[in-house]
Amino acid sequence: MINLQQVHKTFNSGKPNQVNALNGIDLNIAKGEFVVIIGSNGSGKSTLLNMITGSTLPTQGKINIAGKDVTNLPDYKRSQWIARVFQNPLSGTAPDLSILDNFRLAALRTTKKGLTIGVDNNFIQLVKERIATLGMGLENKVHQPMGTLSGGQRQALTLLMSVMDKCEILLLDEPTAALDPRSADVVMKTADKLIHDFNLTSILITHNLKDAFTYGNRIIQMGDGKMMRDISGNEKSNLKQTDLFEWFA
Ligand SMILES: Nc1ncnc2c1ncn2[C@@H]1O[C@H](COP(=O)(O)OP(=O)(O)OP(=O)(O)O)[C@@H](O)[C@H]1O
């Protein structure tokens, strides 16, 4: 589903502040895989996600998504496959619009501008049913502005919104970093359920080693713009949480 071949990314090339953020990444992620990426600050995790979304283009290398060479394709042309949830709960939603209108826009994410979707009773019912699965009671507040909700509530809704339209790849960039532990737990469980229910190909970046241990079927440790570890299958099953802490020792 996602394939990177010898991807390099250099910022400020040839200048004194040159940074080699990615140094020859070879990565193949199969459909339905849930990959967790961990690594120290500045190790290249977000840059790697940016290569996949197209918000930054590589300096060198090749990127394929769903069998198509997207190396030089800008982000808006890749949105047909990809939804991304950021650390900041404010970034994924329109605060002045109601929850319902936010879902309406989300349902049009990959549709050409100018087209609209009616907020008929079937749509409202669908949105309420999806929101009810969160167990937060928000299904009774769909006419409330998104900006009146807490960060955790917004982040959980952002996740649900990402699967309102065609979505094959879900990228989670520290989605719980700004949340209290209880909200973080709800958001991670929601993400995990959506990933399984919709058979999404997913990447989670996290600094939370408990989440890194708990979720996903493959774990990658980044360091200095390279993949230092790539663990899946039985090796992942046999991993202990303490092993992850030792990787950072
Ligand atoms: N737009 C940019 N211009 C210059 N340097 C950049 C840019 N984006 C990232 N970098 C540098 O590239 C390196 C990798 O950054 P990146 O954000 O990918 O790391 P990260 O592993 O996601 O870190 P963190 O855990 O702190 O979010 C860092 O040294 C960073 O300063």
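First listed ligand is number 1; within each ligand, the first listed atom is number 1.
- Ion pairing between Asp192 and Lys189 fails under the 4.0 Å rule for side-chain N and carboxylate O.
- Judged as a side-chain hydrogen bond (donor to acceptor under 3.5 Å, both in side chains), and not counting sequence neighbours, the contacts of Thr148 are Gln144.
- In terms of the side-chain hydrogen bond (donor to acceptor under 3.5 Å, both in side chains) criterion, residue partners of Asp230 (sequence neighbours excluded) are, by chain and number, Arg218.
- Every residue meeting the side-chain hydrogen bond (donor to acceptor under 3.5 Å, both in side chains) condition with Gln18, not counting sequence neighbours, appears here in chain and number order: Asn20.
- Side-chain contact between Leu159 and Leu170: present, with at least one pair of heavy atoms (C-beta onward) separated by less than 4.5 Å.
- Every protein residue with a heavy atom nearer than 4.0 Å to ligand 1 is included here: Phe11, Asn12, Val19, Ala21, Ser40, Asn41, Gly42, Ser43, Gly44, Lys45, Ser46, Thr47, Glu174, His207.
- The residues Lys45 and Glu174 are annotated as not salt-bridged, no charged nitrogen and carboxylate oxygen being separated by less than 4.0 angstrom.
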